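For reference, the structure is listed below as structure tokens.
Everything quoted here is computed from the prediction, not taken from an experiment.
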Amino acid sequence: MANVGVLFRQICESQRFGRFFFSRGNSLQCRSFRLIRNESWKTNDHNGVEELVVTSGRTRLIMRPLVFTVVASGGSFVGCAILQYERIRASYSNWSQNIKSLDFPKLFGFRQKLNRWWKTLPDGRKTATGIIFLNAVVFLLWKIPTPQVQSAMWRWFVSHPIIAPPLTLLTSCFSHIDFWHVAINMYVLWSFAPTIEALLGKEQFIAFYLSGGIIASFASQAFRILAKQPIRPSLGASGALFAVLSYVCISLPDTELALVFLPWFTFSAGKALMGVVALDVAGLLFRWQMFDHAAHLGGAVFGALYLKYGHHYLWDKRGWLIKKWHRLRGKSPTPPPS
């Protein structure tokens, strides 16, 4: 999760609506938003640029994203638990077995090569491939220069408590503007996906990743509002990735890690986690603006708490949900003969 290189240039007040302008590159963008109260925010002049700071009504401003965070995170685990049930159910289906045995024509051998590559991937990297694909699609959409597309991207793929709906707590986790931002984040995901899926399983990993991203986005918004810091739009998968790093590094603290550009320098996963957490704590204390440190810490705290409590109280106790879904779904298919 990174702060977008976007600053407020001008804020115009009215009775019920406001308008802000921000720059991206050499272009000046403009969006409208609904004000909660005219006196609920002020602007700070920072190097000749005005920045939005919430001064009152902060608790009220947090409530909508908080409700979305709770509902969406819980819904991700419910949905993934049902998805796991359906996958296991389908594995016993004669229809599913027959479909898998069909041999569809392969176009110039491309599909055959793609299938061969896909089968060599560890399970975690198959899941990561889907996540990377979504991030790549959103990244390419950012590169379409038409005003309509850019307006939609700023509206639906950038997290902000005032100018964007709560849904962007989730969608911003798949959104990157800079190539190196998405490349580094997806490389980290690709590296850690086999380990985290081995620890959690496919469906639990998906629910964990989505929830980690949402909670990290909310942590970023809540910190800036409560600490009366300038509220800037943010995006990126770093918050979800910090949840993954936290879970893996605490579960396997003695695992040796290395940086891709310093392969000869290795360090333990436990020390790596302490180092990045210390860096983000310092970033909050000294108000560094290079990264969204609150989002990083929010993801890391979620990963640690999920390892301690969430796995047991959320995933291991999903039996009642599966039983209700099983009764709603109907009779199980007959297992195929051996």
Side-chain angles (χ1 to χ4, degrees), residues 1-4 6 41 51-54 57-77 157-176 181 185 188-189 196 207-250 273-311 314:
M1 185 69 66
N3 289 323
V4 184
V6 173
W41 53 275
E51 297 178 331
L52 182 65
V53 179
V54 177
R58 297 190 300 273
T59 303
R60 186 168 59 253
L61 190 60
I62 288 175
M63 287 309 298
R64 285 182 63 204
L66 175 61
V67 171
F68 177 83
T69 298
V70 174
V71 173
S73 298
S76 68
F77 281 96
F157 288 93
V158 173
S159 175
H160 194 284
I162 294 177
I163 67 173
L167 179 62
T168 57
L169 292 172
L170 172 62
T171 58
S172 64
C173 300
F174 296 89
S175 179
H176 303 78
H181 189 198
N185 279 349
V188 173
L189 174 64
I196 190 69
F208 174 83
Y209 183 88
L210 295 177
S211 299
I214 295 170
I215 291 171
S217 298
F218 172 74
S220 173
Q221 291 189 5
F223 174 78
R224 291 189 176 277
I225 292 172
L226 296 177
K228 296 184 180 181
Q229 290 194 2
I231 302 175
R232 301 183 180 91
S234 62
L235 49 75
S238 303
L241 294 175
F242 265 75
V244 171
L245 291 174
S246 177
Y247 193 99
V248 171
C249 291
I250 296 175
L273 180 62
M274 289 189 292
V276 294
V277 167
L279 178 65
D280 284 314
V281 170
L284 290 185
L285 295 177
F286 295 105
R287 298 193 175 189
W288 297 338
Q289 301 299 330
M290 183 177 297
F291 302 108
D292 194 336
H293 301 286
H296 291 179
L297 290 175
V301 170
F302 169 73
L305 291 178
Y306 188 82
L307 175 62
K308 181 68 174 179
Y309 303 106
H311 190 289
L314 285 178

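- Checked against the 6.0 Å centroid threshold, F302 and F208 count as a close aromatic pair.
- The aromatic rings of H181 and H176 lie perpendicular to each other, with more than 60° between the two planes, well past the 30° mark.
- Of the inter-residue distances, the one linking L273 atom CG with I250 atom CD1 reads 5.5 Å to the nearest 0.5 angstrom.
- Atom-to-atom distance recorded for L61:CG and L226:CG is 9.5 Å, nearest 0.5 angstrom.
- We find the CG-CD1 distance between L170 and I215 to be 12.0 Å, quoted to the nearest 0.5 Å.
- L189 contributes atom CG, which lies 11.5 Å from atom OG of S238 (distance to the nearest 0.5 angstrom).
- Nearest heavy atoms, A295 versus S220: CB-CB, 3.9 Å.
- Pairing each heavy atom of L235 with each of S175, the nearest pair is CD1-O, 3.3 Å.
- Ring to ring, Y306 and F77 are close: their centroids are under 6.0 angstrom apart.
- Closest approach of T171 and T168 over heavy atoms only: OG1-CA, 3.1 Å.
- Atom CG of D292 is separated from atom CZ of R224 by 5.5 Å, given to the nearest 0.5 angstrom.
- Checked against side chain to side chain contact (heavy atoms under 4.5 Å, CB included), V67 has the following partners two or more places apart in sequence or in another chain: V71.
- The backbone N or O of G213 sits less than 3.5 Å from a side-chain atom of S217, completing a donor-acceptor pair.
- Side chain of S246 to main chain of A304: a donor-acceptor pair is present (N/O by atom type, distance under 3.5 Å, no hydrogens or angles).
- Interatomic distance, CG of L167 versus CZ of F157, reported as 8.5 Å (0.5 Å rounding).
- Between A237 and N185, the shortest heavy-atom distance links the atoms N-ND2, 3.6 Å.
- Evaluation of the side-chain hydrogen bond (donor to acceptor under 3.5 Å, both in side chains) test over residues 275-285, restricted to residues two or more places apart or in two chains, returns D280-H293, D280-H296.
- Closest heavy-atom contact between L169 and F68: CD1-CD2, 3.7 Å.
- Contact detail for A294 and A219: the closest heavy-atom pair is O-CB, 3.9 Å.
- Put simply, the side chain of F242 does not reach to within 4.5 Å of the side chain of V277, judged on heavy atoms.
- Applying the side chain to side chain contact (heavy atoms under 4.5 Å, CB included) rule to L245 yields the partners V188, F192; only residues at least two apart in sequence or on another chain are considered.
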